[in-house]
Amino acid sequence: MNRVKEIKELIRQEVLAALSRAEKIGQLPAGEPPAFAIDAPRDKNHGDFAVNIAMIMAKAAGKAPRVIAQIIVDHFAKELDWLDKLEIAGPGFLNFYLTPGYFHPVLTAVLAEDQAYGSSDFGGGRKVQIEFVSANPTGLLHMGNARGAALGDSLGNVLSAAGFSVSREYYINDAGNQIENFGKSLEARYLELLGEKIVFPEDGYQGEDITETAKLILEREGDRFLHIESSLRREFMIQAGLQEKLSAIRRSLENFGVHYDVWFSEQSLHDKGKIQETVNILGEKNLLCEKDGALWLKATAFGDEKDEVMVRASGVPTYFAGDIAYHRDKFERGFQTLIDIWGADHHGHVARMKGAMGALGYNPDDLEVILMQLVRLLRGDELVRMSKRSGQYITLDELMEEVGRDAARFFFVMRSADSQMDFDLNLAKSQSSENPVYYVQYAHARIHSLLKMAKEPLLGDSLEGGGNQPWSQADLSRLIHPAELELIRKLADLPEEIIQAAIDREPHRLPRYAMDLAALYHSFYTECRCLVEDMPLRQARLLLSDATRIVLRNVLQLIGVSAPERM
RNA sequence: GCGCCGUUAGCUCAGCUGGAUAGAGUGACUGGCUACGAACCAGUAGGUCGCAGGUUCGAAUCCUGCACGGCGCACCA
């Protein structure tokens, strides 16, 4: 049930009807009515919904906003069963006050729909693919990857709840230079462990995890690679190392609650000739040229600042060429919308990627790139420099250990992708019990405890009837306290909230909603006792609590945070 | 030099397709547990929305310029 959407539509229709009646008798100039907003005002004294059409029409109609508003009110239908009161306020707002109890049916709907409450078919099953994290498998996942993982997964949840068909994908960069360096680094550590004198490769990965991986290989395979040709040895190191790293990455993400539908290998594009195929297509479209022995994409032809190399003079295709082939492959697989989540340091790549998609005949707007500002890691006032190459970074696993999965996910999802985050480890640790996530979880646990108690036979004889009656049939008209009404109103918002988050690709709306809802519940809980002697009132409040429990749980689930029954 | 993101309460951040008195968390202060979970509630204090212009009934929100911070501008990925 999406009561908010329904009432907005009713208001829209009635406003347009009143408008047309006024036009007919010439009080307002005829013409296409402008788009106007129907919003819930911030201040609840301004009614349930406010309409701004009078101000928007003012100029064209040549009348003052309040005069127009009055005309609309004069022509407004009388005796609408949902409308209690219609007022003109401020500069010319039309404030709608709904019949008390208008949103009450939402409560029974929440209980009936349960897990599905909040979901909708808004997206119409449009096939959306989200690619996120896609960290190089040459190391472990760090804070930036953690943010991307939390964001991408929640966005996937939100889109899915809004009726899109979502596929999550991880692009494995298992080809190219860095993989060579990875192999060289492993080889060096492997030889080192066997007591050989080595010179560590200049561009090598110095992290301890590389040594760990080398150790694992040594334990498993012994020294049988000691005396073989270096290129063979490296090849093996790469294979074994990749396998090891990928399973570690996968394990970390699973622990973080992130599951992928597809793990896609860059190397597979090379193996299947997909890159060559894509280059050929670009060539057929006359978008390639040769210069200095390399094959260039004429990116300037579709508005980019400069041309880009596709195939190096050495004959090896660039990463960019592979990425174009990869995104082409996504479209070929039937996805209608592609969403990539990238670190802000890749923003220069966006325009040419979209341009390339356009050049291949796809709609560039069907590729959306969400740029995520980078995470700066602090310990108190001290900036922790992070570099994968030097091995100086806090891993996702360490983060989960220090801060906890729920807190970490809530924290990351809470912030918009646009904000650059300072993540103070000391603060995160010291504030771990002050984290808003516990505030929301507490509300959930509290309700669970309340409902559990309500199901038990009551202590003492003062309350008649026991507590075993179901509350699903409760008389909702008993819910009239302001705290109850506000809470109900918030519960009614969920479907629209999810749809809006999906449209804007902004999962960070959800933690806000969850905090607001939890606050309203806590407030209700303090002001309204549930386990009262008045049995109908008791049942109604229990139903309201139960509905809140369901909504809290559903939202936490979208964020990727657990909804504990006790804590 | 060019481009992208940011600048809002002491701190961390929402609010940005223009709307009414700019919000939350945290920190500070004051109250509230002999009744369902005080990891809670109620209240107080705290703001030139980076600066300067412009657009209009109305600007934190849109436009222009500037300042400061972050990140890019490879035959790296």
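All chains are named by letter (A, B, ...) in the order of the sequence lines, taking the proteins before the strands, and each is independently numbered beginning at 1.
Within the 4.0 angstrom heavy-atom criterion, only backbone atoms of the sugar-phosphate kind lie near His522(A); the bases stay farther away. Here Asn95(A) lies in heavy-atom contact (under 4.0 Å) with a base. If you check every strand for non-hydrogen atoms under 4.0 Å, Met421(A) touches sugar and phosphate atoms only.
When both pairing distances are held under 3.5 Å, U17(B) makes no Watson-Crick or G-U pair with any nucleotide shown. In this structure, C49(B) forms no base pair with any nucleotide, since neither Watson-Crick nor G-U wobble geometry is met with both distances under 3.5 Å. Across all strands shown, the partner of C68(B) is G6(B), judged by Watson-Crick or G-U wobble contacts whose two distances both fall under 3.5 Å. Remark: C11(B) base-pairs with G25(B); criterion is Watson-Crick or G-U wobble with both hydrogen-bond distances under 3.5 Å.
Under a 4.0 Å N-O distance rule, the pair Arg512(A)/Asp516(A) does not qualify as a salt bridge. In summary, Lys5(A) and Glu496(A) do not engage in a salt bridge, as defined by a charged side-chain N under 4.0 Å from a carboxylate O.
When the P atom is compared between U48(B) and G27(B), the two are found 23 Å apart, to the nearest whole Å.
Remark: Tyr439(A) is in phosphate contact with C41(B), judged by side-chain N or O atoms under 4.0 Å from OP1 or OP2. Side-chain nitrogen and oxygen atoms of Ser545(A) include none within less than 4.0 Å of the OP1 or OP2 phosphate oxygen of C36(B).
Residue His46(A) and nucleotide A20(B) are classified as a stacked aromatic pair, their ring centres being separated by less than 5.5 Å at an interplanar angle below 30°.
Contact of His346(A) with G72(B) (side chain to base): no donor-acceptor pair of N or O atoms is detected under 3.5 Å.
A perpendicular orientation is assigned to the rings of His349(A) and Phe320(A), their planes being inclined by more than 60° (bins at 30° and 60°).
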